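Following: one structure in structure tokens, then a few remarks.
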Amino acid sequence: MVGKPKVVLGVSGGIAAYKACELLRRLTESGHEVRVVPTAASLNFVGEATWAALSGNPAGTEVWESVHEVPHVRIGQGADLVVVAPATADLLAKAAHGLADDLLTNTLLTARCPVVFAPAMHTEMWEHPATQENVATLRRRGAVVIEPAVGRLTGKDTGKGRLPDPEEIFEVCRHVLGRRGPASGAAGPDLAGRHVVISAGGTREPLDPVRFLGNRSSGKQGYALARTAVARGARVTLVAANTALADPAGADVVRVGTALQLREAVLKAAADADAVVMAAAVADFRPAEYAGGKIKKKDGEDPAPVALVRNPDVLAEISAERAREGQVVVGFAAETDDVLANGRAKLLRKGCDLLVVNEVGVAKTFGSEENEAVILASDGTEIPVPYGPKEALADVLWDRIAPRLAPRRA
Ligand code: CTP
């Protein structure tokens with residue numbers, strides 16, 4: 001890529017168009033050259049002047065403007081990324097069928113770069129078989145179509161169909177752009193058509209209504225895995241235990257508290273998953289009894305010991321009973337001593353395909369943005385991953401998981 005990466009921001013006619021202003025700001029502020037291509041309908045929500053002023057570029061809607069520059073060909077050909085946010089049902093239908101009746105749809109046909117669609121519409125429109133077939137067509141052709149978020153829609157409705165937060169759409173764009181270029185090749189999304197399940201965070205095992213046994217996991221590594229998997233085209237179920245992080249765009253987030261709840265959610269989602277990655281720190285034990293009322297201290301008496309019982313080992317269970325033939329199962333191991341030896345023994349004990357081993361301490365890994373690890377594989381290979389962002393480790397891991405996945409179902 002020479003100079004600033006060129007991004008086309010397509011905006012179609014939905015109320016969420018206003019959120020695209022924030023996406024545009026993030027893109028320009030992080031050094032991207034952005035050309036906004038709105039549809040005529042979208043100008044009912046955000047005007048051309050806003051796009052032109054914020055991007056520093058013209059923001060026409062029609063191929064008939066500046067015809068001598070042949071804009072519909074030039075804009076698409078020159079783009080490093082096209083992102084359409086929001087993408088309406090109508091825009092998705094046009095894109096799936098190759099219609100080209102305005103500048104945005106023409107641009108989509110001339111673009112040879114990665115394309116990301118962030119749909120936003122009412123739940124019924126999203127779920128309609130016509131929309132679902134259009135989305136499937138676009139994904140089959142290599143586009144990344146981000147699943148809409150669940151939440152408040154226009155008017156009083158709530159449901160699936162919300163545009164994900166602009167910063168999370170930005171993260172997907174950044175990631176898709178980052179994977180282009182000579183080193184990685186302009187590979188299409190390698191996880192397209194895959195369903196992956198990721199657990200993240202740390203479980204909490206309640207002692208009484210105000211206390212629990214927990215751990216220091218922030219969930220950042222699991223969230224990085226979810227973000228990168230979305231950008232690589234996967235359908236992602238993120239089982240999040242007690243995390244305080246923003247939902248990654250496009251991931252289906254299932255919130256859980258305890259190890260037993262996590263087990264239930266992971267097993268349910270794993271039924272049709274191509275890969276399961278257990279990044280969560282799951283408590284091995286839980287209090288044998290839950291006190292319905294707050295446990296009180298009694299003057300002059302020693303505290304009663306807390307009796308614990310074992311929790312089921314979810315990773316071992318899904319490794320032993322794969323819900324689907326060829327399902328890839330990945331575990332994480334946080335170790336403080338004899339890191340590699342413990343990791344190798346754990347890989348055998350758990351029966352998973354890959355185990356990501358890292359050394360932890362109070363100031364290491366937990367809550368930080370960086371990680372350093374070794375990926376141990378059941379075939380004996382060991383891949384060291386140098387210290388770096390948790391997203392980089394996530395990508396190396398998907399690079400190792402992708403070739404192990406079973407052939408796609410028809
Ligand atoms: N794990 C799990 N269910 C549990 C405990 C752990 O699925 N009840 C998973 C974690 O998500 C992680 C992996 O197992 O992917 C490693 O967990 P860890 O607690 O380090 O392994 P243990 O077998 O409990 O080993 P240790 O003796 O070190 O606690």
Side-chain angles (χ1 to χ4, degrees), residues 196-206 212-226 229 237-243 254-271 273 275-288 308-323 327-362 364-366 371-378 385 390 393-394 396-398 400-401 404:
V196 301
V197 178
I198 299 155
S199 69
T203 63
R204 290 179 183 176
E205 311 300 319
F212 57 81
L213 301 181
N215 61 68
R216 292 177 181 276
S217 176
S218 66
K220 285 180 182 167
Q221 184 61 64
Y223 275 57
L225 281 156
T237 305
L238 177 62
V239 178
N242 308 297
T243 54
V254 183
R255 299 200 174 276
V256 294
T258 64
L260 292 178
Q261 289 166 355
L262 180 139
R263 174 180 175 272
E264 195 182 326
V266 168
L267 290 186
K268 185 169 171 225
V276 182
V277 183
M278 288 290 297
V282 185
D284 289 320
F285 308 98
R286 65 178 183 278
L308 300 173
V309 290
R310 282 292 284 265
N311 273 328
D313 187 324
V314 187
L315 177 61
E317 189 175 343
I318 46 181
S319 297
E321 298 162 31
R322 314 254 169 161
Q327 185 175 68
V328 178
V329 180
V330 183
F332 271 69
E335 303 289 345
T336 51
D337 314 285
D338 293 333
V339 177
L340 277 181
N342 276 331
R344 289 181 194 119
K346 200 170 278 185
L347 175 69
L348 277 177
R349 202 165 65 240
K350 302 268 188 175
C352 50
D353 302 291
L354 298 170
L355 189 79
V356 184
V357 191
N358 54 18
E359 192 179 339
V360 291
V362 172
K364 238 177 169 175
T365 303
F366 289 120
N371 212 347
E372 179 181 6
V374 180
I375 302 174
L376 307 179
S378 54
V385 185
K390 288 185 172 174
L393 171 58
V396 176
L397 189 55
W398 292 123
R400 296 288 155 178
I401 293 171
R404 288 179 160 79

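Each ligand, and each atom within it, is numbered from 1 in the order the structure gives. For clarity, every value in this text was computed on a predicted model and none was experimentally measured.
- From the protein, the heavy atom lying nearest to atom 10 (C) of ligand 1 is Ala280 O, 3.4 Å.
- For ligand 1, the atoms sitting less than 4.0 Å from at least one non-hydrogen atom of Pro312 are 3 (N), 4 (C), 8 (N), numbered in the order shown with element in parentheses.
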Applying side-chain contact (heavy atoms from CB on, under 4.5 Å) to Val357 and Lys346, what does each step give before you reach the verdict? CA-CA 10 Å; Val357 191; Lys346 200 170 278 185; over 6 Å; no
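- Counting only heavy atoms of the protein, atom 26 (P) of ligand 1 lies nearest to Lys346 NZ, 3.7 Å.
- Judged purely by atom type and a 3.5 angstrom limit, Glu317 has no side-chain atom pairing as donor or acceptor with the backbone of Arg263.
- Rounding to the nearest 0.5 angstrom, the gap separating the CG atom in Asn342 from the CZ atom in Arg349 is 8.0 Å.
- Of all atoms in ligand 1, listed by their number and element, those nearer than 4.0 Å to a heavy atom of Gly331 are 15 (O).
- Residue Ala333 has no nitrogen or oxygen atom sitting less than 3.5 Å from a nitrogen or oxygen atom of ligand 1, judged on distance alone.
- Close N/O approach between Val314 and ligand 1 is found [any backbone or side-chain N/O within under 3.5 Å].
- Counting non-hydrogen atoms of neighbouring residues, nucleotides and ligands closer than 6.0 angstrom, the CZ atom of Arg286 exceeds 12 such neighbours.
- Considering only non-hydrogen protein atoms, atom 22 (P) of ligand 1 sits nearest to Lys350 NZ, 3.7 Å.
- Among Leu225, Leu393, Val396, the one residue that satisfies the side-chain contact (heavy atoms from CB on, under 4.5 Å) test with Val356 is Leu393.
- Of the charged side-chain nitrogens involved, at least one lies within less than 4.0 Å of a carboxylate oxygen, so that Arg322 and Asp353 count as a salt-bridged pair.
- Within a 6.0 Å sphere centred on CD of Gln261, other residues, nucleotides and ligands contribute more than 12 heavy atoms.
- Residue Arg349 approaches ligand 1 through these ligand atoms, each under 4.0 Å from one of its heavy atoms: 23 (O), 25 (O).
- A donor-acceptor pair is defined here as one N or O able to donate and one able to accept, closer than 3.5 Å; no such pair exists between the side chain of Asn242 and the backbone of Gly201.
- The nearest heavy-atom contact from the protein to atom 24 (O) of ligand 1 is Asp284 OD2, 2.9 Å.
- At the top of the distance list for atom 13 (C) of ligand 1, counting protein heavy atoms only, stands Phe332 O, 3.0 Å.
- For ligand 1, the atoms lying closer than 4.0 Å to a non-hydrogen atom of Met278 are 7 (O), 11 (O), 12 (C), 15 (O).
- Judged by distance alone, with hydrogens and angles left aside, the side-chain atoms of Asn311 form no donor-acceptor pair with the main-chain N or O of Ala259 at under 3.5 Å.
- Residue-level proximity to ligand 1 for Arg263 is absent, since no heavy atom of it falls below 4.0 angstrom.
- Protein heavy atom in closest approach to atom 9 (C) of ligand 1: Leu315 CB, 3.8 Å.
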